Amino acid sequence: MNLLVISKNSIYKELFEKSEEITSVLIMDEATKANVEISAILLDGESFDLDSLQQVRDLYPESLVFYKPRGVNSDIIMRNITRLCAAYKVKVLSEYSTVDQVVDEIINQITNKDDYLSKRLVSFFGTHSGAGVSTTTLNLARSLSNKIEEKVLVLSLNSWDPSDYFYHYNGHYLNDLKVDLKTQNLTPARLSEAVSHQNGFYHLAGNRDIKMQRFYQPNEIEHLIKVAQQLFDVILIDAGTHFDTAPTVQSYLSSNLRFLVTNQEEKGYRGYFPYVFQQLIEPTGGKSDDFMLIINRFQPANTLINEKALEEELGMTKVATLPDMGDLGAMAAYQKRLLYDVSDSYYTKNLDLLSNLIISECRLTEKEQLMEERNEKKGFLSFFK
């Protein structure tokens, strides 16, 4: 198939030409002279004027068209761009997408190719600060590492919270790797020495340099994730709540499984997250069903919102409810122990259900001991049939 690229950035053309699915990659002058059928078109906002959308559509009425915005500093402007593109049946890509991600997404869409399962990237987001994203991610990593043969890594990519206080962390921090990420020189060996290994999984704590909170770039976080994939089999990302930062958006763009963590505080499910979704996620094609819902610290009280109502408020399907462990949570934090290791079976059982989901979706290998225990249990139950 033939692809038309309207961009000053020559890297787009080079990357598309490496793909086996693409027959030829043309620029505008070449396309008009060649008189060939164009399957898809990439419009780079850095060099393409949206006033020319009508002209593009007149020339290629049946082609898939993708627009990559650049330098949009207002959600109102972004929403207007989205509406204008929708009128001309143009798909808007995320402004935070790197060149590689733009190329991958377009190829996946025009070929119906889905390689997301091979990525094994799972991201956790929150409706608001304090929803329990870090707690859930680290305890789930503990559960998952108990169950599978593969190596598990947690990346703490919430720029506002390093998440180094749940246990005795002895690794480096995201900001310690800033120069390596900026120069694209992070190596597997450097990352390996930076992470902490405890509780059966590996962990790179997040940013603890307050001045750096908004200074990470999309290509830096993409580089970190790619290097991490060379070392680890499955990566759980604590992405936080700030969808206006590169670490959180890159987590969203890179992952094939996305979970949204909330609790029964109204400021999250009704106050903060709806604005984030309407202004930052939805304009670039995001949908509520991109996420699976985890309800954290749930209390079955008549005065608080129930599980079903939370699903309806957020338009998502709940996959797990984690109970409020009360003083046990504070005790675990004080003792620098993960809640998974000190809590009762009800909490661990629900985390294990999430682990089972990830094992299935990411095609991970369960440990032989667990498989044997499950087979023994099946045999025991069949005795009573």
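All values reported here derive from a predicted model rather than from experimental measurement. Numbers here simply count residues along the sequence, with the first being 1. Just so it is clear, the values below take in all heavy atoms, side chains as well, and ignore hydrogens, waters and symmetry mates.
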Can you tell if the side chain of [X] reaches within under 4.5 Å of the side chain of [Y], non-hydrogen atoms only?
X      : Y      : result
Leu157 : Leu224 : yes
Leu314 : Leu260 : yes
Glu266 : Ile305 : no
Asp100 : Leu15  : yes
Leu4   : Val56  : no
Tyr252 : Ser94  : no
Leu144 : Phe201 : no
Met292 : Leu357 : yes

Is there a donor-acceptor contact under 3.5 Å from the side chain of [X] to the main chain of [Y]?
X      : Y      : answer
Asp49  : Ser52  : no
Ser145 : Arg142 : yes
Lys287 : Glu282 : no
Asn350 : Leu322 : no
Asp176 : Tyr173 : yes
Tyr169 : Ala205 : yes
Arg120 : Arg363 : yes
Gln299 : Asp324 : no
Thr241 : Thr127 : no
Thr82  : Pro283 : yes

We want to know whether [X] and [Y] form a side-chain donor-acceptor pair, criterion being a heavy-atom distance below 3.5 angstrom.
X      : Y      : result
Tyr340 : Asn199 : no
Asp75  : Tyr275 : no
Thr23  : Asn2   : no
Thr245 : Ser159 : no
Gln250 : Glu220 : no

How close do [X] and [Y] get, heavy atom to heavy atom, and via which atoms?
X      : Y      : answer
Met316 : Leu293 : CB-CB, 4.1 Å
Leu354 : Leu140 : CB-CD1, 3.7 Å
Arg270 : Pro274 : O-CG, 3.6 Å
Ser251 : Ile237 : OG-CG2, 3.2 Å
Ile225 : Ser254 : CD1-OG, 3.7 Å
Asn139 : Leu339 : OD1-N, 3.0 Å

State yes or no: do [X] and [Y] share one hydrophobic cluster built from I, L, V, M, F, W and Y residues joined by side-chain heavy-atom distances below 4.5 Å, directly or via other members?
X      : Y      : result
Leu304 : Val261 : no
Ile77  : Val92  : yes
Ile11  : Ile106 : yes
Ile6   : Leu59  : yes
Ile295 : Leu353 : no

Here's one to test your reading of the geometry: is the NZ or CZ of Arg57 within 45 degrees of the ring axis of Tyr88 and under 6.0 Å from its centre? no
Sequence neighbours excluded, which residues qualify as side-chain contact (heavy atoms from CB on, under 4.5 Å) partners of Ile210? Gln213
Go through the steps to decide whether Val195 and Phe232 satisfy the test side-chain contact (heavy atoms from CB on, under 4.5 Å), and finish with yes or no. CA-CA 11 Å; Val195 298; Phe232 303 96; 4.3 Å; yes
For the residue pair Phe124 and Phe259, does the interplanar ring angle fall in the parallel (under 30°), tilted (30 to 60°) or perpendicular (over 60°) class? parallel
Out of curiosity, [X] [atom1] to [Y] [atom2], how far, rounded to the nearest 0.5 Å?
X      : Y      : atom1 : atom2 : result
Thr284 : Glu95  : OG1   : CD    : 9.5 Å
Leu121 : Leu253 : CG    : CG    : 11.5 Å
Ser134 : Asn158 : OG    : CG    : 6.0 Å
Thr262 : Arg297 : OG1   : CZ    : 9.5 Å
Gln217 : Glu222 : CD    : CD    : 12.5 Å
Gln229 : Ile235 : CD    : CD1   : 5.0 Å

Can [X] and [Y] be counted as an ion pair, charged N to O under 4.0 angstrom?
X      : Y      : answer
Lys349 : Asp352 : no
Lys178 : Asp209 : no
Asp180 : Arg190 : yes

Would the Phe125 and Phe273 ring centres measure less than 6.0 Å apart? no
Please step through side-chain contact (heavy atoms from CB on, under 4.5 Å) for the pair Phe66 and Ile110, ending with a clear verdict. CA-CA 11 Å; Phe66 302 86; Ile110 63 180; 4.3 Å; yes
Would you sort out whether Leu42 and Leu3 count as a side-chain contact (heavy atoms from CB on, under 4.5 Å), showing the intermediate values? CA-CA 8 Å; Leu42 170 61; Leu3 188 73; 5.8 Å; no
Should Ile148 and Asp233 be marked as a side-chain contact (heavy atoms from CB on, under 4.5 Å) after you check the CA-CA gap, both sets of side-chain angles, and the distance that decides it? CA-CA 10 Å; Ile148 64 173; Asp233 302 298; over 6 Å; no
Residues passing the side chain to side chain donor-acceptor pair (under 3.5 Å) test with Glu46, sequence neighbours excluded, are Arg70
Should we count NZ of Lys91 as having more than 12 external heavy atoms under 6.0 Å? yes
Check the surroundings of atom CD in Glu193: do more than 12 heavy atoms from other residues, nucleotides or ligands lie under 6.0 Å from it? yes
Just grab all the side chain to side chain donor-acceptor pair (under 3.5 Å) pairs involving residues 4-20, residues at least two apart or on different chains. Ser7-Asp44, Lys13-Glu17, Ser19-Glu21
